[in-house]
Amino acid sequence: MGNSKEKIPLQRIDPFLWRIPASYQEGMRVPGVVYADDELIQQILDDNALQQVANVATLPGIVGYSLGMPDIHWGYGFPVGGVAATDAETGVVSPGGIGFDINCGVRLMATELVRDQIRGQVEKLADALFKALPSGVGGAGMRELTTHEMRDVMVQGAAWAVEDGYGFEEDLEVTEEHGCLAGADPDKVSPMAMQRGRKQLGSLGSGNHFAEVQYVEHIYDQAAAEAMGIGQVGQIVVTIHCGSRGFGHQIAEDYIKLAEVKQAGYGFKLVDRQLACLPLQSDEGKAYLAAMACGANFAWANRQLLMHGVRLAFSSVFGRKARAKEMPLVYDVCHNIAKIEEYEVDGQKRWVCVHRKGATRAFPPQHPALPERYRSIGQPVLIPGDMGRYSFVLAGAQGSMEQSFGSCCHGAGRRQSRTAAKKSISPRDLLDQLAARGVTIRVHSKSLLTEEAPTAYKDAQKIVDVVHNAGLAQLVVRLKPVIVVKG
DNA sequence: ATGTAC
């Protein structure tokens with residue numbers, strides 16, 4: 001039960017798909033399903049994350065399957081790399097199924113520059129980026145907000161930032177949800193969360209968050225790459241990975257506590273207290289979704305400010321070859337969120353609350369939520385790897401609608417804990433290793449950097465190959481790191 | 001992820 005280490009009875013469905021039968025554990029309402037190849041499934045078994053997939057399958061109102069992506073690993077209650085859909089009428093929302101960093105996500109910008117044009121300017125660009133992008137644990141951001149402005153950010157998201165001079169209307173068209181989740185209500189957010197958030201807009205934070213200058217190293221799908229404006233081998237692009245900082249974290253903490261307090265009254269039988277949840281149709285469930293939307297909107301505004309900082313840094317080094325208009329946003333995705341969406345489940349259309357925790361939306365071609373520009377190729381799916389190897393861009397595919405509630409993986413996935421990673425390599429050795437690979441780095445804390453060593457992560461190539469082969473998303477390009485800026 | 005634990 002719960003957190004035991006007993007052997008999970010995995011059934012192999014095909015080379016990339018495994019199933020945990022609902023008979024495995026008392027209370028499972030649906031089977032578990034995990035995407036992995038032979039090597040990844042071994043890593044996943046070692047981590048015990050499959051027990052969490054089985055635990056999530058007991059959630060009240062869960063439909064279809066409890067899903068695990070190939071980058072799955074142990075998390076708070078729910079695994080990171082997990083997807084769960086609950087019936088919108090009779091089901092629950094669980095804050096642990098969204099994660100502490102509400103709307104942690106990724107945005108990718110293109111440039112008109114190629115590798116040869118930045119040679120000799122790399123150190124200068126790295127300094128400019130590090131200066132332009134505030135970072136570090138608890139670090140303040142580019143823009144301190146008044147309480148009134150903070151409320152506007154919570155409701156308007158990325159559009160607030162554009163209106164305040166950080167970017168363009170065009171940026172919003174290629175941001176998931178146009179950078180604003182509906183239903184945000186600042187009155188459902190605690191004063192403590194507001195206080196933490198007011199100082200942090202436009203900051204990278206720490207942990208696995210970063211800004212990275214990369215080049216297009218390999219193109220899998222030329223037509224899709226061109227549609228995204230990243231169709232030239234050697235082309236320079238920039239990835240930003242960040243979320244809602246202390247603001248979203250405080251919202252998550254507040255509502256996890258509320259859910260724990262309320263749990264006894266609901267009478268659910270939960271196999272793990274970290275699955276604490278709120279009925280979607282209860283006042284508390286609605287309040288969480290309204291507060292979560294505030295966190296999500298703050299994160300979109302945050303990435304919009306950070307992107308502005310990147311554009312300023314590039315233009316300070318390259319002048320008119322890297323003006324803001326010459327650095328278009330390709331797309332912005334979130335990978336820690338819950339969304340109300342409609343899917344066909346067991347032959348019936350149903351509205352469900354899709355929990356994506358370390359999972360990226362991957363809508364296929366022709367989906368009405370996609371901007372015109374991406375209608376024929378599918379939604380850009382941005383998958384950062386680790387800082388030493390590579391990252392990937394994919395396009396959402398039809399299989400995601402049929403199999404995974406419009407979702408796929410979100411990154412490389414940890415294979416080592418933070419403490420294990422720290423023990424395995426010294427800051428000096430890691431910096432030497434990255435230099436040897438031609439990666440220039442600027443980092444706020446060298447001791448925290450080792451927690452993010454490439455060896456702490458699974459091989460992202462193997463992860464994306466699985467979702468590609470399973471038909472959830474199609475590979476478009478592979479990116480190699482040039483400059484990494486981190487907390 | 002995170003004012004890196006209550």
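So that the names make sense, note that chain A is the first sequence line, chain B the second, and so on, each numbered from 1. Not measured: the values here are computed from a predicted model. Quick note: numbers below take in every heavy atom, side chains included, and nothing from hydrogens, waters or symmetry partners.
- Rounded to whole angstrom, the span from the CD atom of Glu451(A) across to the C1' atom of dT4(B) amounts to 8 Å.
- Atom NE2 of His249(A) and atom C1' of dT4(B) are 9 Å apart (whole Å).
- Between Arg418(A) and dT4(B), a side-chain N or O to OP1/OP2 separation shorter than 4.0 Å is absent.
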Could you give the side-chain donor-acceptor pairs of residues 152-162 of chain A under 3.5 Å, partners two or more places apart or in another chain?
none

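- Atom NZ of Lys199(A) and atom P of dT2(B) are 16 Å apart (whole Å).
- dT4(B) atom P lies 14 Å from atom NE2 of His444(A), rounded to whole Å.
- Within 4.0 Å of Ser206(A), counting heavy atoms only, lie sugar-phosphate atoms of the nucleic acid but no base atom.
- The cationic group of Arg414(A) lies under 6.0 Å from the six-membered ring centre of Tyr457(A) and within 45° of the ring axis, placing it in a cation-pi geometry.
- The distance between atom OH of Tyr76(A) and atom P of dA5(B), rounded to the nearest whole Å, is 15 Å.
- The salt bridge (charged side-chain N to carboxylate O under 4.0 Å, His left out) search around Lys262(A) returns Glu284(A), not counting sequence neighbours.
- Just one of Phe298(A), Tyr76(A), Tyr255(A), Phe100(A) meets the ring-ring contact (aromatic ring centres under 6.0 Å, His included) condition when paired with His249(A); it is Phe100(A).
- Heavy atoms of Gly243(A) sit nowhere under 4.0 angstrom from any nucleic acid atom.
- The separation between Ile256(A) atom CD1 and dC6(B) atom C1' is 16 Å, rounded to whole Å.
- Protein atom CG of Leu448(A) is 11 Å distant from nucleotide atom P of dT2(B), rounded to whole Å.
- Taking atom CZ of residue Arg245(A) and atom P of nucleotide dT2(B), one finds them 5 Å apart after rounding to whole Å.
- Heavy atoms of Gln195(A) sit nowhere under 4.0 angstrom from any nucleic acid atom.
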